[in-house]
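Reviewing the structure listed below.
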Amino acid sequence: MAATAAAPGTASSLLLSPRRSRGGASSSFRAAAPRFRSPRCVLGSEQLRVVDGGKRAGGVEPRGAVWTPKAPAAEARLAALPREARDSRMKIFSGTANRPLSQEIAAYLGVDLGKILIKRFADGEIYVQLQESVRGCDVFLVQPTCSPVNENLMELFIMIDACRRASARSITVVIPYFGYARADRKAQGREAITAKLAANLLTEAGSDRVIVCDIHSTQALGYFDIPVDHIYGQPVILDYLASKTISEDLVVVSPDVGGVVRARAFAKKLFDAPLAIVDKRRQGHNMSEVMHLIGDVKGKVAIMVDDMIDTAGTITSAAALLKQEGAEAVYACCTHAVFSPPAIERLSGGIFEEVIVTNSILLPEDKCFPQLTVLSMANLVAETIWHVHRDGSVSSIFQ
């Protein structure tokens with residue numbers, strides 16, 4: 001679900017129009033909004049959600065004030081349609097990697113998740129059985145290929161095969177986080193291009209279309225021999241920032257040269273904020289060394305933008321440099337919270353005012369910390385699924 005809407009003409013206007021004006025009065029980017037210092041994790045509709053009386057669902061006391069995104073409209077996407085206009089041929093199935101996100105997507109679309117049995121045998125083999133008919137249906141399989149990457153990827157292949165053998169009309173794979181996307185070129189001799197291999201395997205398994213969010217390098221989209229719809233998590237993060245009280249003197253920072261295009265697009269939508277770049281020299285896989293800063297951050301609030309945070313080495317080193325150069329506060333924003341060790345220790349060390357991510361990857365409780373905010377991208381993915389199913393334009397969602 002998207003963040004609280006802001007006034008028209010602000011960054012939040014990039015959000016999906018069918019849900020923009022719901023849920024109370026609007027607010028501007030500099031409106032007087034409370035600044036919480038407790039964990040704000042939205043890991044699913046049943047987790048860390050404050051309800052009446054200040055208690056979480058299940059009667060558990062919350063750990064503190066929890067930011068809750070705008071609830072969906074009372075009428076769901078399909079339920080709002082006239083009965084004769086509804087299409088029961090759309091089926092959504094979830095793998096085991098991120099079921100809460102799949103449930104939110106289905107709730108937004110006004111459908112139930114498809115019934116599917118997924119289990120592991122004693123030797124580790126995966127068993128998948130669809131427990132309802134998909135003959136002649138448009139099937140959407142929601143499965144991020146996050147850790148354990150190989151397990152989730154193999155599970156997705158088997159789900160695709162089950163749907164193909166059950167005579168589904170079309171099979172669309174929805175991958176909020178696409179693992180192996182970073183292995184998209186040969187940096188050294190005798191290396192594998194695993195992004196291309198994963199794309200080939202998805203095609204050979206029987207998928208007809210892929211929906212992927214914020215892939216690490218857009219050139220990897222060309223590795224697929226089937227249609228690919230690439231969506232962005234920026235609108236969700238921008239809308240959340242628009243609901244906060246942050247200094248008027250902002251600067252958007254790219255933590256490396258490779259992310260300049262992403263950061264420039266983000267800065268343009270965030271009130272055309274100035275841009276700064278951190279130059280780094282990578283020593284090896286998951287290791288980097290920050291060299292110097294291009295741009296001015298002195299006395300400003302720095303908002304660092306990246307597609308993912310893995311071990312957090314790059315972004316924490318860059319944040320330390322920004323503090324050294326006189327930045328007033330540092331915010332970290334990314335779509336994919338991979339959070340491999342020792343990311344939690346680095347991010348929770350106090351150098352960041354806030355770390356803002358989406359729920360493209362399901363985060364367990366032990367990966368939450370006081371500065372963390374997890375935003376739901378369910379509405380964004382659901383609208384994409386709806387447009388694909390109705391043969392509509394996906395790019396129109398972001399206009």
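Bear in mind the structure is a predicted one, so any value in this text is a computation, not a measurement.
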How many angstroms lie between atom [atom1] of [X] and atom [atom2] of [Y], to the nearest 0.5 angstrom?
X    : Y    : atom1 : atom2 : value
D306 : T314 : CG    : OG1   : 7.5 Å
I397 : L380 : CD1   : CG    : 6.5 Å
M159 : N152 : CE    : CG    : 10.5 Å
S360 : I231 : OG    : CD1   : 10.0 Å
C213 : Q234 : SG    : CD    : 10.0 Å
M308 : H336 : CE    : NE2   : 6.0 Å

Any sub-3.5 Å donor-acceptor pair from [X]'s side-chain atoms to [Y]'s backbone N or O?
X    : Y    : result
S167 : R135 : no
H230 : I215 : yes
T311 : P342 : no
E155 : T96  : yes
Q143 : V174 : no
N359 : L362 : no

Mind checking whether [X] and [Y] have side chains closer than 4.5 Å, heavy atoms only?
X    : Y    : value
L275 : V260 : yes
L141 : I171 : yes
L113 : R99  : yes

key: Steps toward side chain to side chain donor-acceptor pair (under 3.5 Å) verdict (D225, T203)   = CA-CA 7 Å; D225 297 323; T203 303; 5.4 Å; no

query = Linking I/L/V/M/F/W/Y whenever their side-chain heavy atoms sit closer than 4.5 Å, directly or via other members, would L156 and V134 fall into one cluster?
reply = yes

ask   = Between V236 and I303, is there a shared hydrophobic cluster once you connect ILVMFWY residues whose side-chain heavy atoms come closer than 4.5 Å?
value = yes

Exceeds 12 heavy-atom contacts within 6.0 angstrom, atom [atom1] of [X]:
X    : atom1 : value
E204 : CD    : no
R185 : CZ    : no
D112 : CG    : no

Are [X] and [Y] within salt-bridge range, i.e. N to O under 4.0 Å?
X    : Y    : value
D229 : R209 : yes
D208 : R169 : no
D138 : R89  : no

Over all atoms of both residues, closest heavy-atom pair of I351 and V330 = O-CB, 4.2 Å

inquiry  = Could you report the tightest heavy-atom contact between S94 and I118, atom names first, then the distance?
reply    = O-CD1, 3.9 Å

request  = Assess the pair F352 and F369: is the distance between their ring centroids shorter than 6.0 Å?
outcome  = no

query = Under 6.0 Å between the ring centres of F398 and Y232?
reply = yes

ask   = So which pairs with a foot in residues 320-336 pass salt bridge (charged side-chain N to carboxylate O under 4.0 Å, His left out), sequence neighbours left out?
value = none

task = Scan residues 122-131 for pairs that pass salt bridge (charged side-chain N to carboxylate O under 4.0 Å, His left out), counting only residues two or more places apart or in two chains.
result = none

request  = Verify the distance criterion only: is there a donor paired with an acceptor across the side chains of Y177 and D307 at less than 3.5 Å?
outcome  = no

inquiry  = Assess the residue pair R182 and D310 against the criterion (salt bridge (Lys or Arg N to Asp or Glu O under 4.0 Å)); give the C-alpha distance rounded to whole Å, side-chain angles, the decisive distance to 0.1 Å, and a yes or no.
reply    = CA-CA 11 Å; R182 284 175 284 183; D310 189 358; 2.9 Å; yes

inquiry  = By the definition side-chain contact (heavy atoms from CB on, under 4.5 Å), identify the one residue from V305, I277, V278 that meets it with V253.
reply    = V278

inquiry  = Less than 6.0 angstrom from the centroid, inside 45 degrees of the normal: does K119 satisfy that with respect to the ring of Y127?
reply    = yes

